[in-house]
Q: 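Shown below is the structure under consideration.
The structure displayed is predicted, hence computed values, not measured ones.
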Amino acid sequence: MFAENWKISLRQVRRILVLDLFGLSSLMVPGILSSMSGADGVFCLALGMAGGIALLWLMQKNLQGMEGDYYHYMETHVGQWLADIFMVFYYLYFVLLCGFVLYQAAVLALVWLLPEGSYFWVSALLLLLAAYGTVRGIEGRARVYEIIFWFLGIPLLAMLALALRDVHTDYWAPVMYSGGRGFLQGGVAYLLFLLPLTAILFLKPFCRKPEKLAACGGAALLGVTLLNGAVYLILLGVFGSNTMGVLKRPAITLMSMVNIPGGFFTRQDVVMTSVWFFALFALMHTGTFHSTLILKSLFHETGNRYSMCISLALAFVAGIGFFRNTFLTEVYGIYQKWVALPGMALILLILLFARRRKGRAGRERGEKGA
């Protein structure tokens, strides 16, 4: 279906996760947290990371008892009917994620790169590229993102270093001022951007050392949170919490303001926009890949053609919906907060409880037989 031997290294998994987590969160989280909690947004990042670590712990406990893929694991412990319901839940999450990120990437391209372009054709082209990447397999995808990882990372770090000259540290105060409710809401808001870590559950058959997948996810989570913390402090020091709270994409706005020594490069904002564009595409591709994989398992399809076409069509429709009706983005946020996040935690708890109950019942039968 995907690759020659279906195996990628932990290093490749970690870099894919970093791209998946950083792109969308660094674009949207600073504005969200600054409007909620001001300078306390850095502490909200730490709270959200703690929630991500708790979610990773649940994943690790389930991965330890997983033989084969995630679908087979669910069938073994909760039965096929409930396993199918859980898979539909994950499918809905990844398809909507793909549609939402497609919308964000297409709008980013139209605003900063192709102002005369058409949303329809930009999004269609992005989905075709995602389809090509899915057909080529996870190995090809991992190799490409290994290259992109450094292509994106080095310019970003250089521009952030140059932006330090314009930081006013007095904008970092006051701290511990937003109150417990704003702090908690900000932590949950950041945690929602960490939910793509769920992809780890489906990567075990593709990883050369699956026993270290959770640790790999933890390293990516820590690295992305530290980087987001640095971005947040720089943005806060340049714009202040009030201005940052009203900017749609404060990170890209900052990139357009940075003065490169010598003045020989005046449109660095276009180059830096590509950093987030490729990171968003990586996350969109993750949604495409895993939604195709899930639907293929549900349909018991030998190939992936029909599953991929259905997933791409649904993601395209979702993206068009977000573009034409912006209130749907608020609905999507509500879905993530009240359905996706608790649903993922509940599924992992149910599976963990079912596995331990089944193991206890097996031990009791063994003792009786002895």
Side-chain angles (χ1 to χ4, degrees), residues 10 13-14 16-26 28-29 32-33 43-66 69-71 73-74 77-78 83 85-94 96-97 100-101 183-204 207 210-229 283 286-287 289-291 293-294 332-356:
L10 288 173
V13 172
R14 185 166 54 251
I16 289 175
L17 290 175
V18 168
L19 288 174
D20 286 350
L21 298 179
F22 177 73
L24 189 62
S25 64
S26 60
M28 302 186 67
V29 165
I32 293 172
L33 295 188
F43 305 108
C44 295
L45 292 174
L47 179 62
M49 184 181 71
I53 292 173
L55 197 62
L56 273 172
W57 181 82
L58 290 175
M59 294 182 200
Q60 181 183 27
K61 292 300 180 182
N62 282 280
L63 284 167
Q64 288 173 352
M66 192 183 300
D69 59 24
Y70 190 39
Y71 185 39
Y73 172 75
M74 289 190 287
H77 296 290
V78 297
I85 293 177
F86 290 167
M87 288 288 276
V88 170
F89 172 87
Y90 284 115
Y91 179 76
L92 180 64
Y93 170 75
F94 282 114
L96 290 178
L97 175 68
F100 181 74
V101 179
F183 176 66
L184 181 61
Q185 289 177 338
V188 172
Y190 180 56
L191 178 57
L192 298 180
F193 288 89
L194 303 178
L195 292 183
L197 284 170
T198 307
I200 287 174
L201 294 167
F202 299 91
L203 287 177
K204 186 171 184 178
C207 187
E211 68 278 1
K212 296 183 178 180
L213 269 173
C216 184
L221 172 59
L222 177 60
V224 167
T225 302
L226 290 175
L227 187 55
N228 272 325
L283 180 56
T286 292
F289 180 86
H290 289 288
S291 58
L293 183 67
I294 291 170
Y332 179 68
I334 294 172
Y335 155 78
Q336 282 202 306
K337 183 177 180 180
W338 298 107
V339 179
L341 175 58
M344 288 180 183
L346 182 61
I347 288 173
L348 292 171
L349 286 170
I350 290 174
L351 292 171
L352 187 59
F353 175 78
R355 180 166 67 87
R356 291 187 174 181

Q: Roughly how far, to the nearest 0.5 Å, is CE of Met49 from CG of Leu56?
A: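 It comes to 11.0 Å.
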Q: Are the side chains of Pro196 and Thr286 in contact, using a 4.5 Å heavy-atom criterion?
A: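 Sidechains of Pro196 and Thr286: no contact.
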Q: Would a 4.5 Å heavy-atom cut-off, applied to side chains only, mark Ile200 and Leu63 as touching?
A: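 Touching, per the 4.5 Å side-chain cut-off.
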Q: Please test Leu352 against Leu348 for side chain to side chain contact (heavy atoms under 4.5 Å, CB included), starting from the C-alpha separation and ending with a verdict.
A: CA-CA 6 Å; Leu352 187 59; Leu348 292 171; over 6 Å; no
Q: If the plane angle is over 60° it's perpendicular, under 30° parallel, otherwise tilted; pick one for Tyr73 and Tyr70.
A: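 Parallel: the ring planes of Tyr73 and Tyr70 meet at under 30°.
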Q: Taking all non-hydrogen atoms of both residues into account, name the closest pair between Pro210 and Lys204 and its distance.
A: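 Here Pro210 and Lys204 meet closest at CB-CG, 3.4 Å.
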Q: Can you list everything that forms a side-chain contact (heavy atoms from CB on, under 4.5 Å) with Ile350? Sequence neighbours excluded, please.
A: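 Testing Ile350 for side-chain contact (heavy atoms from CB on, under 4.5 Å), a comparison that skips the adjacent residues, returns Val78, Phe86, Leu346.
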Q: How close do Gly48 and Leu194 get, heavy atom to heavy atom, and via which atoms?
A: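 Closest approach of Gly48 to Leu194, heavy atoms only: O-CD1, 3.6 Å.
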Q: Would you name the heavy atoms of Leu33 and Gly186 that are closest together and state the gap between them?
A: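 Smallest heavy-atom distance, with atoms named: CD2-O, 3.4 Å.
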Q: Working to the nearest 0.5 angstrom, can you tell me the gap between Tyr93 OH and Tyr335 OH?
A: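 The OH atom of Tyr93 sits 8.0 Å away from the OH atom of Tyr335.
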Q: Could you pull out the closest heavy-atom pair between Tyr90 and Leu201, with the gap in Å?
A: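 Looks like OH-CD1, 3.8 Å.
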Q: Nearest 0.5 angstrom please: Ile334 CD1 to Lys337 NZ, how far?
A: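 Ile334 atom CD1 to Lys337 atom NZ measures 9.0 Å (nearest 0.5 Å).
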Q: For the OH atom of Tyr332 and the CG atom of Leu97, what is their distance to the nearest 0.5 Å?
A: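 Reported value, rounded in 0.5 Å steps: 4.5 Å.
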Q: With rounding to the nearest 0.5 Å, note down the distance linking OH in Tyr71 to CD1 in Ile294.
A: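 Reported value, rounded in 0.5 Å steps: 11.0 Å.
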Q: Measure the spacing between CE of Met344 and CG of Leu55 and express it to the nearest 0.5 Å.
A: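 Interatomic distance, Met344 CE to Leu55 CG, rounded to 0.5 Å: 7.5 Å.
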Q: Write down the atom of Lys61, the atom of Arg355, and the distance for their closest heavy-atom approach.
A: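 In this case the closest contact between Lys61 and Arg355 is O-NH2, 2.5 Å.
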Q: Give me the atom names and distance for the closest heavy-atom approach of Leu191 to Gly51.
A: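 Nearest pair, atom of Leu191 first, then Gly51: CD1-C, 3.6 Å.
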Q: Find out whether Leu92 and Val88 are in side-chain contact, i.e. whether some heavy atom of one side chain is under 4.5 Å from a heavy atom of the other.
A: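 Sidechains of Val88 and Leu92: no contact.
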Q: Phe202 vs His290 aromatic rings, parallel, tilted or perpendicular, using cut-offs 30° and 60°?
A: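 The arrangement is tilted - the two ring planes meet at 30° to 60°.
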Q: Please list every donor-acceptor pair under 3.5 Å in which a side-chain atom of residues 213-229 meets a protein atom from a residue at least two apart or in another chain.
A:
from   : atom 1 : to     : atom 2 : distance (Å)
Thr225 : OG1    : Tyr190 : OH     : 2.9
Thr225 : OG1    : Leu221 : O      : 2.8
Asn228 : ND2    : Ser25  : OG     : 3.1
Asn228 : ND2    : Tyr190 : OH     : 3.4
Asn228 : ND2    : Val224 : O      : 3.4

